[in-house]
Amino acid sequence: MSNILKAFENKKAFIPFITCGDPDMETTLKVVREAAANGADLIELGIPFSDPTAEGPTIQEANLRALKNGIKTDDVFELVKEIRKDVTVPMVFMTYANVVFSYGAERFISKCAEVGIDGIILPDLPFEEKDEFLPVCRKYKVDLISLIAPTSKDRIKMIASEAEGFIYLVSSLGVTGTRSEITTDLGSIVSEIRKYSKVPCAIGFGISTPEQAKKMAALSDGAIVGSAIIKLLAKYGSDAPSYVGEYVKSMKEAVSEA
Amino acid sequence: MKKGRFGIHGGQYIPETLMNAVLELEEAYNKYKEDPEFNRELATLFNEYAGRPSRLYYAEKMTKDLGGAKIYLKREDLNHTGAHKINNVLGQALLAKKMGKTRLIAETGAGQHGVATATAAALMNMECVVFMGEEDTKRQALNVYRMRLLGAEVIPVKTGTATLKDAVSEAMREWTSRISDTHYCLGSVMGPHPFPTIVRDFQSVISKEIKEQMLEKEGRLPDAVLACVGGGSNAIGSFYNFINDKDVRLIGCEAAGRGIDTFETAATISTGSVGIFHGMKSYFCQDKDGQIAPVYSISAGLDYPGVGPEHAYLHDIKRAQYVAVTDDEAVNAFEYLAKTEGIIPAIESAHAVAYAMKLAPQMDKDKIMVITLSGRGDKDCAAIARYRGEDIHE
């Protein structure tokens with residue numbers, strides 16, 4: 001069984017996203033521990049990329065802050081080794097295709113397996129291009145996470161029936177970032193997905209409040225939150241871990257009520 | 001070859017949100033490219049509106065001065081809006097209109113593609129938003145004014161290096177947020193499939209005309225065709241109909257900026273490595289972790305860290321040769337062509353002129369070269385004056 005499935009066993013999952021190295025690796029380590037201690041079911045670790053085209057301003061800036069600190073892909077693998085000394089929740093990487101490609105797919109993905117990364121999310125790798133990395137992912141049992149968007153329509157069947165780990169359902173058009181309202185008819189997309197896949201489905205993009213998280217978790221198997229957490233890091237810097245912990249706790253409670 | 005691939009290059013590395021949009025575009029393009037009515041309309045726009053065919057001008061003074069190959073200039077600078085960009089934009093705008101889109105968005109570097117898109121939008125009653133790096137809005141203030149005059153909204157992009165690469169990223173982000181009524185009118189032979197193919201096809205009118213005009217004037221094909229390469233749209237347009245004519249040398253001139261041995265360069269093929277960015281696999285200027293490098297060139301239109309996938313392929317199979325030209329060489333060529341032929345080329349095109357100045361004297365007098373002048377240089381006068389230490393007000 002994929003380790004990722006543990007995040008969804010008999011419960012709705014809360015999935016925080018954290019950009020590695022923002023504002024520094026020590027803080028990331030503490031933030032991950034806080035998130036895990038406060039109920040995060042699955043943690044998405046962002047490997048910074050210079051030109052994150054799927055991100056809104058908040059996460060773009062986090063990427064640039066991390067890169068300004070000279071964060072390298074190898075530093076992120078070292079960080080994960082450190083995290084894995086005491087954190088057991090499933091973890092996935094979220095980065096861009098070029099980060100994996102440049103490191104060398106085999107080298108990158110085997111290292112993921114070695115340090116304890118359970119899956120990778122690449123927002124610029126659609127179904128049509130997944131063969132770039134999928135055979136290697138299968139070889140090392142690292143799940144390549146599929147994304148489904150409000151515009152996917154007739155593509156849902158194709159994507160869902162081959163999905164592994166979990167399905168990342170993008171809540172809205174556009175890039176990442178908090179939204180006051182999510183207007184997509186996600187309920188019908190989720191039921192369409194369920195026709196073709198038994199893999200859990202979590203919703204991300206635009207979620208920031210406990211109310212939104214509860215609503216999204218009720219429609220699916222979990223809620224993914226990135227920008228709202230990155231905002232706490234931008235605001236509190238190295239003091240952010242306790243604030244993130246509190247926030248994760250409130251969000252986890254909200255999804256548990258769903 | 002797999003769909004949308006040029007050797008290992010190309011592909012569709014984009015968010016799932018955009019996949020149906022590019023598939024819909026591909027389907028529409030495949031339908032209309034063979035449609036006689038579409039082609040008639042496009043031909044009329046090319047000829048009556050853009051002023052095609054553009055001239056193939058024998059640069060006699062330059063030829064004599066350099067003392068080697070006979071030099072012809074393909075005058076894309078004489079097109080309406082002053083550059084080759086209009087060829088692609090008229091095609092894409094017409095296609096978008098047929099697809100029922102009412103809004104065009106575009107990225108621009110030097111501003112030529114933005115101006116062309118704003119022009120087509122005005123002509124075809126479409127809304128238009130252009131993303132332009134803030135740095136470039138300063139370098140090319142006149143083009144910003146032209147776009148606004150034509151009714152477009154210009155959004156200065158402040159992220160990253162605030163140049164062309166960031167304008168492309170921002171236009172892609174905008175497209176993911178508004179797809180149903182919006183067509184992303186990509187300005188070069190780059191991005192995800194089908195853009196590199198669509199843009200190349202619309203720009204291939206350049207080499208189609210060169211071939212006809214050359215056969216008429218000289219009764220034979222040229223020995224070399226030179227064009228500048230940023231993303232590479234005027235170059236692929238100039239090369240395309242010669243790719244199967246193996247005796248015609250195809251030479252793309254990249255922007256070396258302050259030199260390919262410095263970090264202030266935009267010469268992707270000379271200094272880059274294979275990567276995945278902006279929807280395509282191709283060569284990119286990047287570090288070993290795959291972080292895209294900040295690039296530099298005096299030319300805002302060539303100041304891009306990647307190159308179109310078909311150029312990457314032509315390089316791999318050695319069908320085309322890619323050379324690097326520095327700021328200094330380009331500025332010298334800009335001034336040289338003005339004084340020698342009375343033609344002020346765009347600083348982008350001056351990169352091709354600069355390499356021609358090196359190459360022509362090494363070629364025999366019975367050889368023929370064609371240099372594509374992708375655009376006119378009025379927009380660059382203030383910046384070149386500054387480069388020479390003279391401050392003029394536009």
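Letters go in sequence order (proteins before strands), and every chain restarts at 1. Since the model is a prediction, treat every value here as computed from it, not as a measurement.
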Flag for His183(B)-Gln92(B): side-chain donor and acceptor within less than 3.5 Å: yes
Ser152(A) side chain to Glu16(B) side chain, donor-acceptor N/O pair below 3.5 angstrom: yes
Per-residue contact mode, Gln60(A) against chain B (heavy atom under 4.5 angstrom): side chain
Largest heavy-atom contact set with chain B, pairs under 4.5 Å, which of Thr151(A), Asn98(A), Thr73(A): Asn98(A)
Which atoms of Leu122(A) approach chain B - backbone, side chain, both or neither, heavy atom under 4.5 Å: neither
Part of Thr159(B) lying under 4.5 Å from any heavy atom of chain A: side chain
Interchain contact, Ile47(A) with chain B, by part (heavy-atom threshold 4.5 Å): neither
Lys/Arg cation over aromatic Tyr296(B): Arg258(B), 6.0 Å, 45° cone: yes
Residue part contacting chain B, namely of Phe101(A), when any heavy atom lies under 4.5 Å: side chain
Contact origin within Pro52(A) toward chain B - heavy atom pairs under 4.5 Å: both
Modelled atom types, side-chain donor and acceptor of Tyr103(A) and Lys288(B), under 3.5 Å: no
Under 3.5 Å side-chain donor-acceptor pair for Glu174(B) and Tyr184(B): no
Contact origin within Glu61(A) toward chain B - heavy atom pairs under 4.5 Å: neither
Sidechain N-carboxylate O distance under 4.0 Å for Lys281(B), Glu129(A): no
